[in-house]
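Notes follow once the structure below has been shown.
Worth knowing before you read on, the calculation uses all heavy atoms, side chains too, and leaves out hydrogens, waters and symmetry mates. So that the names make sense, note that chain A is the first sequence line, chain B the second, and so on, each numbered from 1. Here the structure is a predicted model, which means the values were calculated and not measured.
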Amino acid sequence: MATDSQPATNGIAVDVRGVNKSFGSGESRLHVLKDVSLQARTGEILMLVGPSGCGKTTLLSAIAGTMGVDSGEIDVLGNPLHRMRGGALTRFRAKNIGFIFQQFNLIPTITCAENVSVPLLIRGVSASAAKKKAREVLDAVGMGDRWKDRPGKLSGGQQQRIAIARALVHEPPLVICDEPTAALDAKNGEIVLDLFRQVARAAGRAVIIVTHDNRIFSYADRIARMDDGCIVDVHRTDPRETAHFEHEVPH
Amino acid sequence: MIGLALKMLFGDTAKYLMLIAGLFLATFLIVQQVSVFCGLMRWTTSTLKNVGAPIWVVEERVEQVNETNALRDTDVARVRSVSEVAWAMPVFSGIQRVRMDDGSFKTIQLIGIDSASLAGAPTRILEGTLIDLRLPNAVIVDELAVERLSKGRPHPLTLGDTFEINDIEARVVGICEAKRSFTGGPYVWTTYERALQYTPPSRKMLSAVIAGPVEGVSVDEAAAAIEKATGLKAFVNRGFGENEKDFNTSTIWWYVRNTGIPVSFGTTVVIGLIVGIAIACQTFYAFVLDNLMHLGALKAMGTSSFRLSMMLIVQAFTVGFIGFGLGLAASSVFAAGAIERGQPPVYIPWILPVATFGVILAICSLAALLGIFRLSRFEPAMVFRA
């Protein structure tokens with residue numbers, strides 16, 4: 001079960017072994033994850049790619065501990081997520097995982113600094129201390145001067161940077177990102193991915209990104225390709241390749 | 001997280017104001033309507049307060065103080081003969097017509113009391129003296145009479161002024177303080193004998209006998225002894241409560257059972273309740289739906305369901321407190337105005353704001369529960385499904 005002390009992981013942040021997940025029952029039963037096994041290492045960016053409906057988001061949800069699986073095992077930072085329930089799982093997420101959502105999910109009625117301080121408030125940090133820390137992280141992502149603004153005043157790229165700050169403010173060892181560039185133009189996508197790279201490298205974090213935006217594949221250390229609920233290929237990207245955005249919409 | 005919950009609430013200005021408005025309206029309608037109803041019910045027992053006596057003896061079929069089935073004059077002596085009774089005096093109570101100086105008529109509540117003892121006289125004389133009531137044609141009027149019977153006069157009714165009750169002269173020798181009557185007419189006191197002169201004659205004219213117990217005997221025991229000895233109905237006069245032998249209680253329940261007043265006021269109260277529930281629950285549910293993805297994101301990020309539920313409860317109760325506070329303040333302003341003007345009747349018993357607060361909290365709890373129920377069905381994984 002989860003404990004506050006981190007078990008030894010030998011550089012493996014996430015270890016998924018033989019995971020199966022289905023939705024529905026009877027004839028309408030949909031087998032979404034089929035015996036999926038995958039590892040994500042600390043300090044790397046792992047991208048889960050594949051066509052829509054292939055199970056990327058379901059696998060990401062399972063790794064994040066927001067969705068249970070039917071069978072198989074998931075160790076995250078050495079903790080067996082598949083055995084955790086209720087409060088333990090909630091506390092584990094609060095402490096160890098940073099979330100970046102496709103639509104950012106910033107609360108529109110509070111300031112950027114308050115949005116960023118949310119994970120600290122969840123962990124019981126005082127509002128003033130949380131806000132102070134939030135402003136430091138906002139500085140780090142280049143949004144220090146917008147801390148008083150509400151998210152509605154910011155561009156998509158700026159909002160995503162606020163979301164990144166929120167995901168990092170409590171210094172989680174694992175960052176989960178769902179389509180982080182889907183709502184961004186090429187320039188902002190580039191800025192955001194550069195940030196991810198710094199995030200993964202600097203603090204030895206694991207960053208798992210679900211995407212089907214092939215403009216950003218070159219930012220990954222490894223790419224796991226999924227199709228029809230299975231991991232069909234995991235390969236390391238060429239470190240000599242310079243990451244770049246094509247300034248036109250793919251597909 | 002509580003601060004965050006409040007910021008989320010206050011930040012959505014439209015829904016926040018709508019919630020406040022719904023709960024304000026519910027509070028105002030409930031408190032205002034119930035307080036007018038209570039005030040009206042209190043007016044039905046004004047005669048019992050204005051003619052202070054611990055025991056009222058009436059004809060056995062009488063159920064409320066404004067109903068007069070006259071007794072025989074000899075019934076006063078029958079009541080006096082009861083050993084538990086220290087004193088017993090006749091009282092006349094009836095609605096009569098006063099002719100104004102301009103020829104128009106106003107109704108009054110004429111009270112006739114024993115001239116020797118003056119038992120049942122007004123308790124607070126503002127001008128003049130009580131014993132002057134024994135003078136010829138003397139009457140004591142209340143403040144409302146000064147207001148109502150001054151029409152057509154060069155100056156407000158005052159001591160020494162005269163008017164006619166059923167064509168017989170009445171001279172004002174005193175002005176007193178009195179509770180307003182349910183019928184709306186001012187109270188006018190005179191002696192029992194003179195009250196009979198002012199009133200068109202009939203075979204029996206004694207409205208009631210007021211009495212007091214001998215020392216060492218309780219009011220209830222004396223009333224029971226009077227009933228046993230005379231066969232008349234003897235009510236105690238303590239104030240509205242659970243005792244059916246209390247004339248106030250009996251009177252108010254009579255009005256509740258036999259008039260459409262409670263249905264009329266009750267309908268408005270129910271409407272207030274429905275408006276409160278409908279607006280508060282619907283708006284709060286819409287607020288939760290609007291914020292569902294944000295609340296879901298908080299859930300995914302590690303906020304426990306308990307904590308999220310507490311956030312919704314804090315939000316619902318906050319608008320409840322504010323809406324209730326504003327509604328109660330508005331009701332108080334209305335009540336202050338009504339008391340200043342003298343009508344409509346308003347009475348806010350302490351239980352009314354407490355009960356209304358309970359109702360508002362119940363509405364808020366229901367609204368919060370709807371939100372909590374919706375949120376409980378929202379899996380944190382759904383936040384990944386854009």
Side-chain angles (χ1 to χ4, degrees), chain A residues 21 56-62 64-68 86-111 114-115 117-124 126-128 130-131 150-152 163 166-167 169-170 172 176-179 182-183 210, chain B residues 1-20 283-284 286-312 314-316 318-319 322 371-372 374-386:
Chain A
K21 176 72 181 176
K56 306 185 296 288
T57 301
T58 304
L59 179 58
L60 190 75
S61 300
T66 59
M67 179 189 286
L89 200 52
T90 303
R91 284 191 295 277
F92 179 82
R93 286 202 304 268
K95 182 170 185 275
N96 296 299
I97 303 178
F99 289 88
I100 298 167
F101 307 105
Q102 183 175 343
Q103 297 300 326
F104 322 135
N105 285 349
L106 299 171
I107 298 169
T109 52
I110 60 177
T111 65
E114 286 164 344
N115 264 293
S117 63
V118 163
L120 295 173
L121 296 177
I122 292 171
R123 292 184 61 182
S126 72
S128 57
K131 211 164 177 178
R150 291 189 177 186
R166 181 179 67 181
V169 73
H170 56 309
I176 299 278
C177 316
D178 182 31
E179 303 279 7
V210 158
Chain B
M1 296 301 279
I2 297 302
L4 176 66
L6 293 178
K7 279 175 183 164
M8 286 174 76
L9 174 69
F10 299 147
D12 192 343
T13 313
K15 287 199 181 60
Y16 170 62
L17 291 179
M18 182 66 97
L19 282 164
I20 297 287
T283 309
F284 194 75
F287 171 75
V288 171
L289 286 185
D290 281 358
N291 284 288
L292 201 55
M293 287 307 274
H294 306 308
L295 294 168
L298 291 177
K299 207 170 182 178
M301 286 191 286
T303 310
S304 65
S305 296
F306 173 77
R307 219 164 175 190
L308 286 169
S309 301
M310 289 308 294
M311 287 172 69
L312 295 185
V314 164
Q315 288 168 338
T318 298
V319 290
I322 296 170
I372 290 168
R374 181 67 188 87
L375 190 59
S376 70
R377 291 189 301 158
F378 189 87
E379 291 297 325
M382 289 166 81
V383 94
F384 288 115
R385 296 176 197 283

To the closest 0.5 Å, what do you measure between [atom1] ([X]) and [atom2] ([Y])?
| X | Y | atom1 | atom2 | answer |
| --- | --- | --- | --- | --- |
| B:Met8 | A:Ile110 | CE | CD1 | 7.5 Å |
| B:Arg307 | A:Leu121 | CZ | CG | 8.0 Å |
| A:Arg150 | B:Lys7 | CZ | NZ | 9.5 Å |

Listed by chain and number, what are the side-chain contact (heavy atoms from CB on, under 4.5 Å) partners of B:Leu308, not counting sequence neighbours?
B:Leu295, B:Leu298, B:Lys299, B:Thr303, B:Met311, B:Leu375
Of all heavy-atom pairs linking A:Leu106 and B:His294, the shortest is O-CE1, 3.1 Å
So which heavy atom on A:Phe101 is nearest to which on B:Ala297, and how close?
CE1-CB, 3.7 Å
Under 3.5 Å, is there a donor-acceptor pair between the side chain of A:Arg123 and the main chain of B:Gly302?
no
Test of understanding: with ring pair (Phe, Tyr, Trp, His ring centres under 6.0 Å), list the residues that count as partners of B:Phe10, not counting sequence neighbours.
B:Tyr16
Heavy-atom side-chain proximity of B:Met293 to A:Gln103 below 4.5 angstrom
no
Given side-chain contact (heavy atoms from CB on, under 4.5 Å), test A:Ile107 with B:Leu4 step by step and report yes or no.
CA-CA 10 Å; A:Ile107 298 169; B:Leu4 176 66; 4.1 Å; yes
Who among A:Gly87, A:Pro108, A:Ala127, A:Ser117 has the most heavy-atom pairs with chain B under 4.5 Å?
A:Pro108
